[in-house]
Amino acid sequence: MIKRFINLLGSVQVIVPLLIVITVVSLAGVIVPQSLPTAQYLQIMPGWRSSIILQLGLDHIFSTWWFYTLLGILAVNVVACSLTHQVKSLKNAGAMRFLQKPDDANRLKCSVSFEVDGAQINAVETITGFMKRRMFFCSNQTKENVTQIAARSPRLKEIGSLMFHLSILFFYVGGIVSTMGGFSYVKELCSGDVVGVQNWPYRIRCDGFKVERNQDGAVSSYKSNLTVLSADSTQLLKKVVEVNHPLAFAGVNFYQNSYGEQSGSFEVASLQVFGPQFDTSGYMTAASLNTPVTLPGNGITLTVSRFISDFIIDMQSGEATSRSDRPNNPAVKVTLTRGADTLYSGWAFENYPDVHQESKKDYKVVFVGYEPRYYTGIKISHNPGNPFIWFGFAFMTLGIFLVFYFPHRNYWIFIGQGNNRKVIVTVGGASSRSASAFQAEFNHSCDSLKRVLKEGSSS
Amino acid sequence: MNIFAQNSIEFTFFWWAFIAYSASCLLYVAYFPISKKWLATSASIAMAIGLLMQTLAMIERTVHIHHMPLTNMFEYISLFAWFATCFYFVFLRVYKLHLLGAVISFTVFMLMVAGSLLPKDAEMQLVPALQSYWLQIHVSVASLGEAAFLVAFAANILYFLKTGMSKTSAFASRLPDAQTLDRIAYKAITVGYPLFTIGALFAGAIWAEQAWGSFWSWDPKEVGSLIVWLIYSAYLHARFVKGWTGSRAAILSTTAFTCTLLTFFANLILGGLHAYG
């Protein structure tokens with residue numbers, strides 16, 4: 001029973017049904033939305049459909065144990081087939097085969113017979129040398145005074161097939177090694193942040209982050225200045241990391257993954273202050289968080305003490321908080337003071353400039369806008385399986401080209417001594433290419449062979 | 001509606017290409033029942049004009065946006081149709097089989113129809129993820145592979161017509177024998193399979209690793225491409241190991257091409273990492 005199961009695992013017959021099953025399962029993974037919250041499945045597909053999806057793990061097919069098992073069976077099958085059928089076929093392909101008689105060569109779709117001057121023994125040497133120069137493996141035998149040279153091209157097709165199948169194993173091993181021994185996560189960093197990476201003897205520091213926009217305001221790039229620090233804070237490497245240009249150091253890669261506005265902070269806010277000492281258009285000023293700005297005349301100081309990106313106020317406690325990290329309702333808490341006197345204190349809203357302003361008698365502050373302070377999302381990855389994946393790419397690419405573009409070519413050349421010092425040559429050829437495609441190559445080879453034999457006999 | 005109203009040289013070329021491909025398609029429709037050589041020749045000339053116009057449209061767009069037009073569905077579909085037309089001429093020269101050209105011409109026409117219905121806005125500013133030379137390699141090689149699959153699909157359609165019709169049928173007698181059609185489909189797949197493997201899967205995976213830090217993310221378009229690859233792999237495996245040729249191979253190959261088309265449009269319906277436009 002176990003032996004039958006093992007035989008089945010290594011059977012060539014299993015691979016096509018297995019590929020079909022993996023295809024169907026993958027298709028299900030495309031059709032069924034993946035990794036949504038459970039409640040959403042219950043909402044989209046109420047009743048038994050969501051139960052089936054959740055029970056079978058169809059909501060996260062590509063990380064289920066049974067999907068990994070299917071891939072595992074495929075890998076085992078491919079390896080078993082490679083070690084048995086592929087290696088066997090490589091060995092068989094390497095064996096030199098002879099035909100029985102010249103008529104067998106004549107029966108092949110590509111065949112030709114001709115006569116040249118000279119001795120049989122010289123012709124055998126010339127032809128063998130000719131075929132070897134063309135990278136053919138040659139062997140000969142003589143029966144009834146007729147020498148047969150069997151020549152075959154290197155078995156690159158079989159080698160390619162073996163490489164192709166083994167490359168799948170490389171991908172699988174690479175995936176397992178990365179899953180078991182690697183890590184990958186996104187870290188949100190602000191300028192000046194220094195973070196460690198698990199089991200990595202270095203730390204990374206974010207020296208700044210910049211979003212670049214074109215004239216239309218579209219984001220053209222976003223970049224983080226990262227520095228690798230040793231345990232004693234020595235700078236080891238500095239690099240500007242952006243999408244498609246990661247930082248790689250000592251087996252860990254840092255990718256520019258995302259960015260967003262820092263909640264509760266900004267670079268600089270633009271404020272318009274109205275008051276008795278300013279004209280009707282007010283006074284424009286810029287302020288950073290918790291940095292007092294002195295306004296012209298009478299020693300008034302403006303301070304922005306808080307920033308909320310999505311302002312909401314708790315009606316019971318009266319406490320102002322942010323509903324989300326998104327800049328839906330940006331607001332700043334502004335205070336105007338002169339000495340110990342507070343002239344104005346209140347919230348100014350970017351989207352609602354007049355809200356809360358009517359109660360302040362002499363002064364009014366309009367929150368015109370702000371330059372956000374961004375955090376940078378850096379993906380930190382360690383994938384020890386990547387070298388296997390790269391080998392897989394190389395093996396499969398080479399394997400495919402060898403399989404498709406290096407067909408078998410076999411020649412059987414019979415050389416017999418005719419009358420009047422003539423040598424009778426019969427050439428038959430076969431290839432894994434179609435006869436029509438091989439015919440041109442065969443004709444060309446035979447023409448060259450005739451020419452070489454004629455040159456040999458004349459010298 | 002004046003189709004040239006967009007006042008752009010590029011769209012003028014595009015619509016002339018559209019008209020030329022439509023004319024070719026109509027001439028081939030006439031060629032199916034009326035076996036007149038001049039019809040087929042005229043259809044080929046119309047295809048050549050279409051190819052020229054489309055080439056000019058693509059060059060004009062490239063000059064205008066300062067990068068190769070490969071970033072949205074309209075641009076990708078145009079490239080696919082362009083490669084398919086190039087293969088049309090290659091296979092026409094090798095096999096001298098106008099009926100194969102007729103099926104390719106019809107598919108190219110359908111692609112142009114789909115392209116004409118899609119938004120054609122040219123993105124001057126590439127999103128940061130697309131600012132890589134891998135964009136050109138990944139998209140163009142994958143598209144070239146898919147265009148070769150289209151030729152195989154055309155040969156399979158003719159195969160089904162040949163085997164499904166009575167041997168005495170006048171149309172069937174104009175087609176080459178079923179074995180030749182099977183061989184053409186196989187040849188086209190041997191061209192498309194390496195290109196698709198390297199362009200769609202490998203180049204895409206290498207680029208994803210550079211941009212997103214992982215070779216594979218099980219994105220709908222990635223899974224779709226994997227499915228296409230698996231079916232063509234099953235086709236080749238069945239052919240090499242089990243000796244599958246003829247109807248079974250044609251069914252498998254046609255299924256694979258249907259999946260290719262579904263994958264082509266997958267990001268429009270399912271979104272994901274490839275949903276750029």
Side-chain angles (χ1 to χ4, degrees), chain A residues 12-13 15-20 22-24 26-27 29-31 33-34 61-63 81 85 161 171 174-175 178 184 186 212-216 218-223 242-246 253-257 379-381 383 386 389-390 392-393 396-397 400-401 403-405 434 436-437, chain B residues 123-135 180 183 186-187 189-191 193-194 197-198 201-202 205-207 209-224 226-231 233-238 240-242 244 252 255 259 262-263 266 270-272:
Chain A
V12 177
Q13 313 294 326
I15 204 158
V16 171
L18 196 56
L19 286 178
I20 290 169
I22 292 173
T23 302
V24 171
S26 302
L27 201 58
V30 171
I31 294 165
Q34 298 290 292
I61 284 178
F62 303 115
S63 54
C81 289
H85 303 279
S161 179
F171 292 137
S178 283
S184 183
V186 177
E212 290 176 353
R213 295 174 189 275
N214 65 11
Q215 288 173 335
D216 304 327
V219 174
S220 58
S221 69
Y222 44 104
K223 305 171 179 177
E242 54 185 312
V243 184
N244 289 311
H245 300 281
N253 292 349
F254 299 86
Y255 301 87
Q256 182 64 64
N257 181 267
K379 184 173 184 179
I380 304 173
S381 284
N383 293 309
N386 278 9
I389 307 280
W390 284 106
F393 287 150
M396 189 173 273
T397 305
I400 286 174
F401 278 96
V403 168
F404 287 139
Y405 303 116
S434 66
S436 56
Chain B
E123 286 296 331
M124 304 281 284
Q125 178 63 60
L126 284 177
V127 297
L130 297 181
Q131 294 170 19
S132 168
Y133 56 86
W134 284 106
L135 171 69
T180 305
R183 188 85 197 162
Y186 169 67
K187 279 278 167 199
I189 289 169
T190 60
V191 173
Y193 186 80
T197 307
I198 293 166
L201 299 180
F202 290 179
I206 293 167
W207 185 15
E209 203 278 333
Q210 238 181 44
W212 301 320
S214 105
F215 285 112
W216 195 257
S217 307
W218 295 107
D219 164 71
K221 201 144 186 162
E222 286 178 0
V223 178
L226 180 67
I227 290 170
V228 168
W229 187 82
L230 286 173
I231 302 175
S233 300
Y235 166 91
L236 291 168
H237 199 272
F240 289 153
V241 177
K242 288 184 158 184
W244 275 28
L252 209 51
T255 309
C259 288
L262 291 175
T263 303
L270 300 164

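We name chains A, B, ... by the order of the sequence lines, and we start the count at 1 in each one. Any value given below was found using the heavy atoms of this structure, including those in side chains, with hydrogens, waters and symmetry copies removed.
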> If you round to the nearest 0.5 Å, how far is OG1 of A:Thr23 from CD1 of B:Ile231?
Replying inline: 5.5 Å
> Between OG of A:Ser26 and CD of B:Glu222, what distance do you get to the nearest 0.5 Å?
Replying inline: 12.0 Å
>> If you compare all heavy atoms of A:Val243 against all heavy atoms of B:Ala129, which two are closest, and at what distance to 0.1 Å?
In response: CG1-CA, 3.5 Å
> Among A:Val403, A:Asn214, A:Asn257, which residue forms the greatest number of heavy-atom pairs with chain B at distances under 4.5 Å?
Replying inline: A:Asn214
> In terms of heavy-atom proximity below 4.5 Å to chain A, should B:Tyr193 be classed as side chain, backbone, both, or neither?
Replying inline: side chain
> Is it the side chain or the backbone of A:Gln256 that comes within 4.5 Å of chain B heavy atoms, both, or neither?
Replying inline: backbone
>> Taking every non-hydrogen pair under 4.5 Å, which of A:Phe254, A:Tyr405, A:Phe62 racks up the most with chain B?
In response: A:Phe62
> Measuring heavy-atom distances to chain A, does B:Thr197 have an atom under 4.5 Å in its side chain, in its backbone, in both, or in neither?
Replying inline: side chain
> Partners of A:Ser221 by side chain to side chain donor-acceptor pair (under 3.5 Å), sequence neighbours excluded?
Replying inline: A:Glu212
>> I need the residue from A:Phe401, A:Tyr255, A:Tyr222 with the largest number of non-hydrogen atom pairs under 4.5 Å to chain B.
In response: A:Tyr255
>> With a 4.5 angstrom heavy-atom cut-off, is it the side chain or the backbone of B:Trp216 that approaches chain A, or both, or neither?
In response: neither
> Do you know which of A:Asn383, A:Asn386, A:Val24 has the most heavy-atom pairs under 4.5 Å to chain B?
Replying inline: A:Asn386
>> Need one label for B:Ile198: side chain, backbone, both or neither, based on atoms under 4.5 Å from any heavy atom in chain A.
In response: side chain
> Looking at A:Asn253, A:Ile20, A:Thr397, which has the largest count of heavy-atom pairs under 4.5 Å with chain B?
Replying inline: A:Thr397
> Relative to each other, are the rings of B:Phe215 and A:Trp390 parallel, tilted or perpendicular (30° and 60° limits)?
Replying inline: perpendicular
> Nearest heavy-atom pair of B:Pro128 and A:Ser220: which atoms, and what distance?
Replying inline: CG-O, 3.8 Å
>> Do B:Trp207 and A:Asn244 make a side-chain contact, defined as non-hydrogen atoms from C-beta onward lying under 4.5 Å apart?
In response: yes
>> If you count heavy-atom pairs within less than 4.5 Å of chain A, which of B:Val223, B:Val191, B:Leu236 leads?
In response: B:Val223
>> Can you tell me which of B:Ala205, B:Ala211, B:Gly213 forms the most heavy-atom pairs within a distance under 4.5 Å of chain A?
In response: B:Gly213
> With B:Lys187, which residues qualify under salt bridge (charged side-chain N to carboxylate O under 4.0 Å, His left out), at least two apart?
Replying inline: none
>> Less than 4.5 Å to any heavy atom of chain B: does that hold for the side chain of A:Ile389, its backbone, both, or neither?
In response: side chain
> Out of curiosity, A:Leu19 CG to B:His237 NE2, how far, rounded to the nearest 0.5 Å?
Replying inline: 7.5 Å
